[in-house]
Structures are given as C-alpha cells and as structure tokens.
Number of protein chains: 2
Amino acid sequence: MLEILKNHIGKIVPLTDQEFGFVASLFTAKSYKKGQFLFQEGEHLSRHYFICKGLLKLVYTDSDAREHIVGFAMEDWWESDFEAFYTQQKTSMSLICLENTDVLYITLENYKKLCGTLPKIEHFFLEKAYFGFIAAQKRILSTLTSNTKERYYQLIERYPALVQRVPKSQLAAYLGVSRETLSRLSR
Amino acid sequence: MLEILKNHIGKIVPLTDQEFGFVASLFTAKSYKKGQFLFQEGEHLSRHYFICKGLLKLVYTDSDAREHIVGFAMEDWWESDFEAFYTQQKTSMSLICLENTDVLYITLENYKKLCGTLPKIEHFFLEKAYFGFIAAQKRILSTLTSNTKERYYQLIERYPALVQRVPKSQLAAYLGVSRETLSRLSR
DNA sequence: AACCAAGTGTGATATACATCACTCTATAAT
DNA sequence: ATTATAGAGTGATGTATATCACACTTGGTT
C-alpha cells in the first residue's frame, strides 16, 4: 500500500527514498468492510484518509434522516471531513464504505509534523487543495447551469468508472434528485 | 492598500517587515469602476486578485447568454478564475465590478517566486485553499439539503453585509433561481 | 426450493419553480 | 421638468421534479 502512496505523491513532488521513508513512518494502514463507517457524524476526527483500494461515500444525514452524498472517494483519492479534521471540531458528516476498502491514514499531529519538516509535502497538499476547490466550484456551476439529465451525463463523462460501481440510488443522492427521477431520465 | 494586505496575511502567518517588503514588491495596485471587467471569459489570465475595497462578481455566461454567479468577492477576499490562473488555460468565467473596486494583484510568475522563497506564504495560501474548499462544499451541501427559501436565509445569515450591497436579481443568479421566485419567497 | 433484501422501474398526483407579461418605484440623464 | 433605466413585485400558466404506491428482478441466505 505504501508503494501506491509513493507513486501518488511522486506524480506531483518527487521524493527521495529517505524522504519517503519519513513520510511512510507517519501513516497507518487499515482495512474496512463494505458498510463500515470510517467515522460517523458527531464524532471527533483526527485522521485524514488516503484510499489505496475500495470505494466510499461521504454522507450528510439531515434531520429527516435523509442521506445526502457530499462526495465519493475511490483509489488514489484523499477523503475526510476536512473542516472537522483541520479545525478539530466534531464531524458533521460520515464516511462509509460502499466496498471493502484499504486506506492509509495520517493523524493531524503527524500531518503538522510532516508539513513542518518537508515543505515539498505542504506544496503537494496545496496542489490537492486547489484541485479540490476547482472541482467543487465546477460542481456548483453544474447545478447552476444544467438540469438533472445534463448533470447526470456530465457525471458519467467525468467519472465513468465511478458510475459503474455505484448504485443509481446513490448517484441520485449525489446529484440531489430522487431515485425515481433519475430512473426516468432516459425517456 | 499594502497595509490591508499585511494585516490580512499577518492574521495567519506573521511576517517581519523585511519579509513583507519582499511580498509587497511582488504585488501591483489597480483600481476599477463599477461595471468594468477585471478579466473576461476566453481571455488568458495571469493575475490573482486581492480585493482591498469594493465588490465583484465571478460570472459564468452560458450558451443562452444567461449569467450564473459562481461567487462574490469583497474586502479581504481573494478572487480569480483559479483553474485558468493556476493551469494557464483560457478563462471560462468573467470577473466584474459591482462597485468601484481597488485591488492588489500578483502574477503567476511572482506567485511562484513568492511561494518558492517564503514557505510561510505557501502555508498561508494552503490555509486559504482549505477554507475555500470547505466553503464550496458547504454551498454544495446547502443545495442538496435545502429549498430556495432556506438557502436564501442561510445566505443572509452567512454573509449579511453582502446581501445589503448586492441587488436581489444578482443574489438569485447566485442561488440558482429566477429573480421572480426570490421576490415571492417571503409569502 | 423457498425466502428475503437491495436495487430498480413506473404510474398517479401534488408542488415548487420557471417563464412571460405587465406594473410600479426610485434614481440618473437629458 | 421630462425621460430613460435599473430594480423589484406580482398574476397566470406550463413544466420538472418530489412523493407515494406498487411491481419486478437478482443474488444471497436459510
């Protein structure tokens, strides 16, 4: 699993073996089964997750117990409740496995140590943050400019592998429409 | 105007006078009148803007010539078409003054020089990027969980000063509803 | 073989919102 | 003083989507 992380980081900031040895020493591997929670709404959260294998959903559950999917995460993605992690508040969302999943996680303490020691890694996370922000802005723009059908086809185009692996009811919860409406789209 | 920037950065990473002198040498001041474009869809963009005074909208215009407001920017905010700036593609959006506006801008070249020289500043931008991402994610969640009326009141609660200064038709273009629907909300 | 749960499709009805058309007001321009 | 213009309110109507109810398929479990 560490090899996956090394390749992933190396695409943006190449690291020497020694540097990566330090990075690796700050991560912990863990596996989860389909249906398990990595964290749950209202908990304290001290981990940022890198997904080596598997598929997850980041979920907000509203007062009527409806699930809204803030995002999916699969191989080579980072995920967490970022506000809760970074500002050390209680989580407002849950991270749940849609498939059996292997992750590497880093604690906030180690994250700070890492960025303080290796500026290259801070640059790596900055780049990740920029592209996360850009992707979020595109999703907002998509809801402003497009109807449900268009948004669904944009999703297929943008993340074809994801759409194959996720039930349509879950895609509906991501797009913000009912599963019935999504089911009727192609007519 | 430089004093505003110094205070702004200093809230996250305190700088010595010498350090800030270097920062300041890489920014350029410029003023715009209400209605002017800082940049326009389809242009090349090499500047990242810090708003010292004024109010702007970041706009995407669709194929039917409808304006969709991706975001507003006012005092103490940073704005640009971030993807275009950072990856040096053509802009897909326009940045337009809603009031007379004073900005400080930094070019991509100077931005890279700055981050390469002063790791503290890279940390500053990382923090800005994180909070930008968190805010975008909250806006997405707001569209998933809430109806128009709720989203409008969330906007008022979150940015009361902004709502005072922006015409309701523009708020409608930000919320993604027609101005008529926004006008009928309170009934 | 029988049963159960998850995922999906679809009909009927209700509702939120868009759209078009018109009006009114306040402010700026002539 | 008169005329534009921007912003905002509102009535009538059409449409996209939510909601409720039920049926069907599939793969796993007893």
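Order of the sequence lines sets the chain letters (A, B, ...), proteins ahead of strands, with each chain counted from 1.
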Open item on the list: Rounding to an integer number of Å, can you tell me how far A:Asp64 CG sits from D:dA18 P?
Closed with: 15 Å

Open item on the list: Without decimals, in angstroms, what is the distance between A:Glu180 CD and C:dA14 P?
Closed with: 17 Å

Open item on the list: Is A:Ser169 close enough to C:dA6 that one of its side-chain N or O atoms is under 4.0 Å from OP1 or OP2 there?
Closed with: no

TODO: Check the distance between D:dG7's P and B:Lys168's NZ and give it to me in whole angstrom.
DONE: 13 Å

Task: Letter per nucleotide, 5' to 3', of nucleotides 22-30 of chain D [B base touched, S only sugar-phosphate touched, - untouched; heavy atoms, 4.0 Å] - done: ---------

Open item on the list: The side chain of B:Thr148 is closest to which nucleotide in this list: D:dT17, D:dT19, C:dC17?
Closed with: C:dC17

- [ ] Measure the distance from CD on A:Glu99 to P on C:dA6 and round it to the nearest whole Å.
- [x] 17 Å

Task: Any B:Arg66 side-chain N or O less than 4.0 Å from OP1/OP2 of C:dT19 - done: yes

TODO: Please collect all side chain to side chain donor-acceptor pair (under 3.5 Å) contacts where either partner lies in residues 153-167 of chain B, sequence neighbours excluded, each pair once.
DONE: B:Glu75-B:Arg165, B:Glu99-B:Arg165, B:Ser142-B:Gln154, B:Ser146-B:Gln154

TODO: Could you state the atom-to-atom distance from CG of A:Leu185 to P of C:dT8 in whole Å?
DONE: 13 Å

Open item on the list: Tell me if the aromatic rings of A:Phe85 and A:His44 count as close, with their centers under 6.0 Å from one another.
Closed with: no

TODO: For B:Ser178, answer base if it contacts any base atom (sugar-phosphate contacts may also be present), sugar-phosphate if it contacts only those atoms, and nothing otherwise; contact means non-hydrogen atoms under 4.0 Å.
DONE: base

Task: Atom pair distance, as rounded to whole Å: CG in A:Leu182 and P in C:dT8 - done: 9 Å

Task: Nearest-nucleotide comparison on DNA chain D, the residue closer to the 5′ end among B:Thr181 and B:Lys34 - done: B:Lys34

Return the polar atom pairs (N/O with N/O) between nucleotides 28-30 of chain C and the protein under 3.5 Å, or none.
none

Task: B:Glu83 with A:Lys138: basic N within carboxylate O range, under 4.0 Å - done: yes

TODO: Taking the six-membered ring for Trp and the full ring for Phe, Tyr or His, determine whether the centres of B:Tyr130 and A:Phe82 are under 6.0 Å apart.
DONE: yes

Task: Separation of C:dC17 P from B:Arg184 CZ (nearest whole Å) - done: 11 Å

Task: Phosphate contact (D:dT10 OP1 or OP2) by B:Ser183 side-chain N/O below 4.0 Å - done: no

Task: Pair A:Asp76-A:Lys11, salt bridge (charged side-chain N to carboxylate O under 4.0 Å, His left out): steps then yes or no - done: CA-CA 11 Å; A:Asp76 258 30; A:Lys11 276 179 216 155; 3.4 Å; yes

TODO: For residues A:Trp78 and A:Phe125, establish whether the separation of their ring centroids is below 6.0 Å.
DONE: yes

TODO: Could you state the atom-to-atom distance from CG of B:Leu171 to P of D:dG7 in whole Å?
DONE: 12 Å

Task: From CZ (A:Phe20) to CZ (A:Phe22), nearest 0.5 Å - done: 12.5 Å

Open item on the list: Is it the case that the ring center of A:Phe27 lies less than 6.0 angstrom away from the ring center of A:Phe50?
Closed with: no

TODO: Would you check if the side chain of A:Glu150 reaches a backbone N or O of A:Asn147 as a donor-acceptor pair within less than 3.5 Å?
DONE: yes

